[in-house]
Amino acid sequence: TCAFAGQKKVLAAYEEAVKCGYSGARAGRLHTPHGVFDTPMFMPVGTQATVKAVSPRELKEMGAQIILSNTYHLYLRPGTELVAEAGGLHRFMDWDGGILTDSGGFQVFSLGPLRKITEEGAAFRSHIDGSTQFLSPEIAIKAQMNLGADIIMAFDECIPYPAEYQYAKLSTERTTRWAERSQKAHTRSGQALFAIVQGGMYQDLRRVSANDLVSLDFPGYGIGGLSVGEPKPVMYEMLEQTVPLLPENKPRYLMGVGTPDCLVEAVRYGIDMFDCVFPTRVARNGTAMTKSGRLVVKNAAYAKDFLPIDENCGCYACQNFSRAYIRHLLKADEIFGLRLTTIHNLYFLLDFTKKMRQAILEDRFLSFREEFLAQYCK
Ligand SMILES: CC1(C)O[C@@H]2[C@@H](CO[C@@]3(CNc4nc5cc6c(=O)[nH]c(N)nc6cc5[nH]4)OC(C)(C)O[C@@H]23)O1
Ligand SMILES: [Zn+2]
């Protein structure tokens with residue numbers, strides 16, 4: 001293994017356990033102040049300091065290791081100073097596993113009615129009360145130090161898709177300057193700051209972004225600007241161009257991804273960490289994720305189906321309840337229905353990454369990937 005120990009700032013140290021032959025897939029262990037965690041890993045999204053509809057105890061039970069929260073949302077409400085006064089995000093939400101916070105760059109562009117971006121940062125209007133707000137690398141890093149996550153992200157611009165080459169070039173260069181400013185503003189020891197690779201859908205800009213950020217020497221690297229509406233083959237092409245330029249002994253985090261087919265492809269390219277609102281979001285409109293694709297348990301077809309969502313699933317929903325019962329709850333607008341579909345979807349993705357890790361450790365990842373893709377219809 002190539003442990004990361006020995007570096008003066010052992011933060012999100014990454015021990016690569018084993019590389020899988022003929023692909024970039026690898027199984028590693030991520031060292032953080034809240035524990036050592038196995039990769040590949042899926043991180044449930046808890047945007048506003050809660051993973052919607054499930055409790056920390058249930059998250060622990062289903063095998064969640066690190067969860068994601070959003071600086072943008074917590075900065076606007078309830079305020080990151082308040083969370084600091086409460087003892088930090090772990091205490092505030094009673095989660096003793098790992099926490100990663102996104103820096104707010106993306107949410108500014110995807111949520112708030114954007115006012116303008118300058119070298120200094122991004123001015124925007126709050127999607128909550130319309131107030132004028134401003135985020136910069138310094139403000140975003142200070143906010144994340146207040147939240148006290150184990151892993152925090154540099155302040156970046158997620159380039160919209162599609163984007164002109166010239167705009168992608170200027171934005172990517174600015175994101176690199178913002179990464180340097182994020183680094184300088186980051187003074188909290190024991191907390192890992194990851195940079196975020198941009199470059200739009202342009203191979204050369206992706207390579208420049210990766211090389212520039214690697215030379216600034218971060219403990220880990222997010223790959224941003226993807227899963228923003230581009231075709232999947234384009235996303236995979238960007239991964240193929242970017243991942244090999246990132247240090248083998250540091251974690252790679254593909255932001256905002258996603259569905260099992262994307263996860264298995266990204267792991268093949270050497271991605272270690274994922275987050276996506278997908279499993280929790282689709283659960284709330286009655287869609288369950290299975291290894292054969294999506295199952296809309298709300299459909300009339302399941303009214304008298306007394307089997308569980310997935311007979312081979314070990315989650316609380318599948319061990320105790322039928323499709324008919326969950327459909328009934330969803331049709332009756334019972335909150336417990338959403339809780340059961342959410343628990344199943346999170347368990348499904350967490351278990352899927354565990355199965356990928358096992359396949360890599362047993363050097364059978366490529367056949368695992370073949371078998372999975374053959375059965376899964378998008
Ligand atoms: C797949 C699915 C269902 O995920 C949904 C919806 C639209 O895509 C998502 C997920 N994609 C996504 N790409 C990202 C890129 C960056 C980035 O470049 N920088 C930073 N700091 N954070 C990022 C977070 C990202 N999330 O983005 C929102 C809008 C959060 O909802 C998600 O489609
Ligand atoms: Zn289940």
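One-based numbering, in listed order, for ligands and for the atoms of each.
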Please confirm whether [X] comes under 4.0 Å of ligand 1, counting heavy atoms of the residue only.
{"X": "Gly105", "value": "no"}
{"X": "Gln198", "value": "yes"}
{"X": "Met255", "value": "yes"}

Which atoms of the protein, restricted to N, O or S, are nearer than 2.8 Å to the Zn ion (ligand 2)? Cys313 SG, Cys315 SG, Cys318 SG, His344 ND1
Contacting atoms of ligand 1, where contact means under 4.0 angstrom from a heavy atom of [X]:
{"X": "Gly224", "answer": "17 (C), 18 (O)"}
{"X": "Ser103", "answer": "21 (N)"}
{"X": "Cys276", "answer": "1 (C), 4 (O)"}
{"X": "Gly225", "answer": "15 (C), 17 (C), 18 (O)"}
{"X": "Phe278", "answer": "3 (C)"}

Out of [options], whose heavy atom sits nearest [atom]?
{"atom": "atom 22 (N) of ligand 1", "options": "Thr71, Asp102, Asp275, Asn70", "value": "Asp102"}
{"atom": "atom 13 (N) of ligand 1", "options": "Ile196, Leu226, Val197, Thr175", "value": "Leu226"}
{"atom": "atom 17 (C) of ligand 1", "options": "Gly258, Cys158, Gly104", "value": "Cys158"}

Check: Tyr316 main-chain N/O paired with Gln319 side-chain donor or acceptor under 3.5 Å: no
Sidechain-backbone polar pair: Arg125 side chain, Gly130 backbone, donor-acceptor under 3.5 Å: yes
Donor-acceptor side-chain pairing of [X] and [Y] below 3.5 angstrom:
{"X": "Gln48", "Y": "Arg77", "result": "yes"}
{"X": "Glu371", "Y": "Gln375", "result": "no"}
{"X": "Ser171", "Y": "Glu157", "result": "yes"}
{"X": "Tyr75", "Y": "Asn70", "result": "no"}
{"X": "Gln107", "Y": "His73", "result": "no"}
{"X": "Asp150", "Y": "His90", "result": "yes"}
{"X": "Gln133", "Y": "Ser126", "result": "no"}

Cluster partners of Tyr165, using ILVMFWY side-chain heavy atoms under 4.5 angstrom, listed by chain and number? Tyr202, Leu205
Which residue owns the protein heavy atom closest to [atom], what's the atom, and how far is it?
{"atom": "atom 6 (C) of ligand 1", "result": "Arg281 NH1, 4.1 Å"}
{"atom": "atom 5 (C) of ligand 1", "result": "Val277 CG2, 3.6 Å"}
{"atom": "atom 19 (N) of ligand 1", "result": "Asp156 OD2, 2.8 Å"}
{"atom": "atom 8 (O) of ligand 1", "result": "Ser227 O, 3.2 Å"}
{"atom": "atom 10 (C) of ligand 1", "result": "Gly256 O, 3.4 Å"}
{"atom": "atom 14 (C) of ligand 1", "result": "Phe106 CE1, 3.5 Å"}

For the aromatic rings, using the six-membered ring if either is Trp, is the centroid distance between Tyr72 and Phe106 under 6.0 Å? no
Between Phe321 and Phe336, does the ring centroid distance fall short of 6.0 Å? yes
Give the C-alpha distance, both sets of side-chain angles, the deciding distance and a yes or no for ring pair (Phe, Tyr, Trp, His ring centres under 6.0 Å) between Phe306 and Tyr325. CA-CA 8 Å; Phe306 302 116; Tyr325 175 67; over 10 Å; no
Look at Lys169 together with Glu164 and state whether they make a salt bridge at an N to O cut-off of under 4.0 Å. no
